[in-house]
Amino acid sequence: MNYWLVKSEPAAYSWTEFVREGGTDWTRVRNFQARNFLRQMQPADLVLFYHSVSDKQIVGVAEVATAAAPDATAPAGTDWVAVRLQPRQPLPAPVSLARIKQDERLSQIALLRQSRLSVMPLKAEEFDVLLELGEVK
DNA sequence: GCCAACGTTGGC
DNA sequence: GCCAACGTTGGC
């Protein structure tokens, strides 16, 4: 079991839309490092859903439904991939970027160290801390 | 292969 | 609105 975090601008695609649709193919990732992480995702891995830019907080927990497959939105001849994600539960208490920065246990997470990366791994301990802050029972 | 110019992301 | 970080493009 691995743990991940994905980012989305709510204006482009929000947690609310994700829940309404019951899941989505996580397409349009066009960064090699992020793509490599997508390829490592396995069904049942848990994924935190972060709203960037206008919201700047983690709002929910999703899970990988289907491992990486070719991204249907990518041009022919390229090898970008997408995974299928489905919502699991909202965070009772969304965890803000400011809150994350305050917690020493989270000082090494990629969200802080590499702010532009849109798909990143989380250590199990980091994931647990974030669920705790999010008041997920 | 280097690097300047430019575009995008995302926080402040 | 600004700017830092970083990726991409293209001239040389």
Side-chain angles (χ1 to χ4, degrees):
Chain A
M1 167 81 75
N2 287 304
Y3 302 96
W4 310 93
L5 182 147
V6 297
K7 301 200 294 197
S8 182
E9 286 193 42
Y13 189 74
S14 69
W15 171 260
T16 304
E17 287 173 79
F18 179 53
V19 169
R20 188 191 310 131
E21 294 176 350
T24 197
D25 290 323
W26 206 257
T27 54
R28 299 172 203 280
V29 170
R30 298 289 183 271
N31 170 281
F32 292 110
Q33 203 181 350
R35 183 197 67 188
N36 292 342
F37 290 134
L38 286 178
R39 283 183 172 156
Q40 292 171 36
M41 291 187 183
Q42 293 300 321
D45 282 359
L46 296 176
V47 184
L48 296 180
F49 194 114
Y50 177 80
H51 274 169
S52 64
V53 183
S54 57
D55 206 27
K56 287 175 280 185
Q57 54 185 4
I58 299 171
V59 293
V61 185
E63 80 177 74
V64 177
T66 308
D71 179 347
T73 71
T78 59
D79 58 354
W80 300 111
V81 299
V83 295
R84 180 145 194 99
L85 298 181
Q86 63 188 34
R88 197 168 161 117
Q89 62 177 313
L91 294 197
V95 180
S96 70
L97 183 63
R99 184 72 189 81
I100 291 168
K101 286 182 173 175
Q102 285 170 9
D103 199 306
E104 227 173 67
R105 297 170 294 177
L106 300 172
S107 63
Q108 299 304 308
I109 71 172
L111 186 68
L112 300 183
R113 300 171 69 84
Q114 223 180 320
S115 68
R116 291 183 56 192
L117 188 61
S118 66
V119 177
M120 63 193 77
L122 291 172
K123 295 191 183 86
E125 310 86 73
E126 293 165 343
F127 182 81
D128 289 343
V129 168
L130 290 165
L131 286 194
E132 174 200 317
L133 295 175
E135 295 177 15
V136 172
K137 301 295 183 266

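Just so it is clear, the model here is predicted, and its values are computed rather than measured. Both backbone and side-chain heavy atoms feed into the values below; hydrogens, waters and symmetry mates do not. Throughout, a chain's letter reflects where its sequence line sits, starting with A, and its residues are numbered from 1.
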Practice task
Quickly work out the A:Leu97 CG to B:dC12 C1' distance and round it to whole Å.
Solution key: 10 Å

Handout entry: Heavy-atom closest pair, residues A:Asp55 and A:His51
Key = OD2-ND1, 3.0 Å

Handout entry: Closest nucleotide among B:dG10, C:dC6, B:dC12 to the A:Val53 side chain
Key = B:dG10

Exercise for the section: Take the protein atom CG of A:Leu111 and the nucleotide atom C1' of B:dG10, then report the distance between them rounded to whole Å. Expected result: 10 Å

Exercise for the section: Kindly assign one of parallel, tilted or perpendicular to the pair A:Phe37 and A:Trp4, based on the angle between their ring planes and the thresholds 30° and 60°. Expected result: tilted

Exercise for the section: May I ask you to evaluate whether A:Tyr50 reaches the phosphate of B:dT9, defined as a side-chain N or O under 4.0 Å from OP1 or OP2? Expected result: no

Completion exercise
A:Glu9 atom CD is separated from B:dT8 atom C1', nearest whole Å, by 10 Å

Exercise for the section: Let me know the distance between CZ of A:Arg116 and P of C:dC3, rounded to the nearest Å. Expected result: 17 Å

Fill in the blank from the handout: Taken to the nearest whole Å, CD/A:Gln33 to C1'/C:dC6 is 11 Å

Exercise for the section: Starting from C1' on C:dC6, measure out to CG on A:Leu112 and report it in whole angstrom. Expected result: 17 Å

Handout entry: Protein-nucleotide distance (A:Arg30, atom CZ; C:dT9, atom P), rounded to Å
Key = 13 Å

Handout entry: Test item: side-chain donor near acceptor, A:Gln108 and A:Glu126, under 3.5 Å
Key = no

Problem - A:Arg35 NZ/CZ over A:Trp80 ring centroid, <6.0 Å and within 45° of normal - result: yes

Fill in the blank from the handout: Taking B:dG11, C:dC6, B:dG10 as options, the one with an atom nearest any side-chain atom of A:Lys7 is B:dG10

Exercise for the section: Rounded off to whole Å, could you give me the CE-to-C1' distance for the A:Met120 and B:dG10 pair? Expected result: 11 Å

